[in-house]
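Structure, as structure tokens:
Positions are given from 1, in the same order as the sequence printed here. Basis for what follows: all heavy atoms, side chains included, without hydrogens, waters or symmetry-related copies.
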Amino acid sequence: MSDQQQLETIKSLALAQLAELRAAPKPTYSLDGQSVSWETYAASLERTIDWCDQKLAALAPFEIRSEGIT
């Protein structure tokens with residue numbers, strides 16, 4: 001699997017998890033001294049998606065146009 005395919009898979013999975021979380025939001029809670037914050041988890045998924053977008057953009061071919069004047 002290429003780097004691009006792996007990044008696309010990570011992004012796709014993160015988007016699916018975020019969509020599921022947004023469709024059925026859950027409350028933040030604490031249990032036995034451990035805290036679970038769904039908002040923090042959602043923010044982490046959004047950062048992962050942004051990171052994937054940046055990496056995928058860096059892998060995309062690009063063209064630089066320039067003009068010489070004499």
query: How long is the gap from CD on Gln17 to OG1 on Thr48, to the nearest 0.5 Å?
result: 9.0 Å
field: Electrostatic pair Arg65-Glu63, nearest N-O below 4.0 angstrom
entry: yes
field: Any Cys52 side-chain heavy atom under 4.5 Å of Lys55 side chain
entry: no
Exercise: identify the closest heavy-atom pair between Ile49 and Leu15: CD1-CD2, 3.4 Å
- prompt: In Å and rounded to the nearest 0.5 Å, what is the CG to CE distance from Asp3 to Met1?
  reply: 11.0 Å
task: Quick one: pull up CG in Leu45 and CD in Glu20 and give me the separation to the nearest 0.5 Å.
output: 10.5 Å
- prompt: Between Lys11 and Trp51, is any pair of side-chain heavy atoms under 4.5 Å apart?
  reply: no
Could you give the side-chain donor-acceptor pairs of residues 29-39 under 3.5 Å, partners two or more places apart or in another chain?
| unit_1 | atom_1 | unit_2 | atom_2 | d |
| --- | --- | --- | --- | --- |
| Ser37 | OG | Thr40 | N | 3.2 |
| Ser37 | OG | Thr40 | OG1 | 2.9 |
| Trp38 | NE1 | Pro27 | O | 3.2 |

query: Distance from Leu18 atom CG to Leu13 atom CG, nearest 0.5 Å?
result: 12.5 Å
